[in-house]
Structures are given as structure tokens and as C-alpha cells.
Amino acid sequence: MMRDDDLDQLFAEAATQQMAPSDALMTRIQADAEAWQPKPRPVVAPAPSRGWLSAVADWFGGGMSLAGMSAAALAGLFLGIAQPVPVVALTELLRGTTTLDSLDLLPTGGALWTLE
Amino acid sequence: MPRDTLADVSDETLLVLYANGDREASRRLTARLAPRILGYALRLVADRAEAEDVTQETMLRLWQVAPDWRTGEAKVSTWAYRVVTNLCTDLRRARQRRPAVTLDDAPDLADGSKGVVAGMIETDRMAALQGALSQLPERQRQAVVLRHIEGMGNPEIAAIMEIGVEAVESLTARGKRALSALLAGRKQDLGYDGDEEAEV
């Protein structure tokens, strides 16, 4: 048997040996690298940030929906504050506090502005 | 990326840079890995041309896997050594399937010329070591080369050979014992005769 020290010395010598690849091999490897290299990815600019109003409009289903809901809310507020005569009469009729012989459900424009 | 800024960059970072289109990264990675891969392959197959083919194939597979490389999972060098190990195993199996070469197939040598084997055996210590390594069973040869020549730790060898650490320890121990026995008859070639006399 060979001594362990001698074998270890032989291994150490072998470990210091550098295997130099030939120029032809390095050229072949580099050619493969270039052939398989992915193309650089284009840089895409980030989308501009949108305002809070756009986010709210999206939540309600778009700008048109939001505009319609806003108009309906303003109309309700107006009717609540102004309380035009035809609306008051209709409310009383529905509550049963008064009776009407006739009710004009399509009042003229001026009637809407008549305050009680 | 400029050449000098890549000197301290890890293999994995170089591979990611390559995948992102950096040409210098592939040159730097080739310069680092190709000599090591070639040396390991040469120890396993003992044939320069075949070892170069294995080196090129291993690097090619590295370029192909680069875009899908998952960072932080395995060292690039460990991955490369595993590919070399598997390619050399495939090569050995292919050799075994080939018809055996007879002496009649060998070219005639001119008078006075030395055979290739005789030339290797002469006095070269490394040739003696290589000759003994080539006689080891394949798995023992892989384990001994990775442990004692490539200088790797048992866990890394286990990852390369896809076996457990205990199996690595067993293979390296048995391989080293077998190598010691094989080289015992070559002490004169290795220059150890004087030491033995001194011991006696």
C-alpha cells in the first residue's frame, strides 16, 4: 500500500495543475453563448399614475355612471329642500292625510318653483 | 458591463447578466468555469477530445438554462459539475456499446517509436495518478476526484453525484484505498523508493 501522506501529496500536485482550454474550444463556447443569448428586453415606461377621481369613477362603473348618480343625488336634494307643491300634494295623498279630486302629475315648469 | 467591474461578481450574477443580454458576462463565466470543467472531465474520461466535447456541451446547456435559472437554489459550479458527471457517464456507456477495438485495428508504429500508453507511464507522476484513477470504478473515481483534486466538501459532492453524504464518505474512502493499492506497485515511477528505504 502507498502511504496516505504520499497519496495526499500526489493529490495536492494534481490539484495545482490548471487545464488550459484550447483557443478553439473557447471560441466554440463563445459562439454558442452568443447564439443562445436572449435579446435584451426593451425598457417599458411605467404607466402614469391616475387621480383619485378616476379610481372612484372606476369603482362606480365609469365616468358616465358617476355623472348620472351625481345628477340623481342633486335632484333628490333639490326636491327635499324646495318641496314643490305637486310633490307635497302627492306625499300627503300617499299618506292619506288629504283627498284630491285631481292631481297634475305633469306640472308646468312654473309650478315647480312655487314654494309652499 | 465594463470588464473590471465583473471581477468580483458571483457566477450566478454573471449568469443573470448573460440572460439579460450582457455579452461580457458570458466571456467572464467561460473563463472561470471552462478550465475547471475541462480538468474534471479529463480526469473522468482520460481523453482530451472527449473532455473538450463534454466541456462545450456543459457550457451550451448552461446558456440554454440561463433565462430560467432560479437564483439562490444551486451554485452554478455545482450544477455544471453535475452535468459533466452525467455526460461522462453517458459517454462511458456509449463506449461500452461500441464494438471492441482489436490490435489488428491499431495503426502500425514506426520502429523505435513509443506507444502512447508507454509514454504516459514513463516517469510522469501525474500520468501514473491518472492511470490509477482510470482503473477505479466510475463512482469511486468521481468521488475521489471531486474530494481530493477538486477540493470540494462532502455535501457539495453529494449534490453533484445526487447521493447522500454518507455514500460520498464511503465512496471516497474505498476509492482512496483502492488507489493506494494500485499505486503501490508504481512507487519507483512516483519517486517514493527513497522514502521507503529511510523508513526501514
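So that the names make sense, note that chain A is the first sequence line, chain B the second, and so on, each numbered from 1. Bear in mind the structure is a predicted one, so any value in this text is a computation, not a measurement.
A distance of 10.0 Å separates OG1 in B:T85 from CD1 in B:I157, rounded to the nearest 0.5 Å.
A salt bridge is defined here as a Lys NZ or Arg NE, NH1 or NH2 lying under 4.0 Å from an Asp or Glu carboxylate O, and B:R147 with B:E156 fails to meet this definition. Note on B:D11 versus B:K75: no salt bridge recorded, every NZ/NE/NH1/NH2 to OD/OE distance being 4.0 Å or above.
With a 4.5 Å cut-off on non-hydrogen atoms, A:S22 touches chain B through its backbone and its side chain both. Contact of B:R48 with chain A is made through the side chain alone, with heavy-atom distances under 4.5 Å. Using a 4.5 Å cut-off between heavy atoms, A:Q37 touches chain B through backbone and side chain atoms alike. Contact of A:A20 with chain B is made through the backbone alone, with heavy-atom distances under 4.5 Å. With a 4.5 angstrom heavy-atom cutoff, B:V145 does not touch chain A via any of its atoms. In this structure, no portion of B:A66 lies under 4.5 Å from any heavy atom of chain A.
When B:R43, B:E57, B:R23, B:Q56 are compared by the number of non-hydrogen pairs under 4.5 Å with chain A, B:Q56 comes out ahead. Interface summary for chain A: among B:P35, B:A181, B:G151, the most heavy-atom pairs under 4.5 angstrom belong to B:P35. Of the listed residues B:A34, B:G39, B:A51, B:G21, the one with more heavy-atom pairs under 4.5 angstrom with chain A than any other is B:G21. Interface summary for chain B: among A:D32, A:D4, A:D8, the most heavy-atom pairs under 4.5 angstrom belong to A:D32. Ranked by non-hydrogen atom pairs under 4.5 Å with chain A, the options B:L42, B:L60, B:L62, B:D53 are led by B:L60. No other option in A:E34, A:Q30, A:M26, A:Q17 has as many heavy-atom pairs under 4.5 Å with chain B as A:Q30. When each of B:M59, B:R177, B:E52 is checked for heavy-atom pairs under 4.5 Å with chain A, B:E52 comes out on top. Comparing A:A14, A:A15, A:A12, A:A24 by how many heavy-atom pairs each has under 4.5 Å with chain B, the most go to A:A14.
Side chain to side chain, B:T58 and B:T55 fail the donor-acceptor criterion of an N or O pair below 3.5 Å. Counting only N and O atoms by type, the side chains of B:E138 and B:T89 include a donor and acceptor under 3.5 Å apart. Under 3.5 Å, the side chains of B:Q142 and B:R139 contain a donor-acceptor pair of N or O atoms. Side-chain contact, B:E150 with B:Y81: a donor N or O sits under 3.5 Å from an acceptor N or O.
A donor-acceptor pair is defined here as one N or O able to donate and one able to accept, closer than 3.5 Å; no such pair exists between the side chain of B:S180 and the backbone of B:K176. Between the B:E12 side chain and the B:V76 main chain, no donor and acceptor come within less than 3.5 Å of each other.
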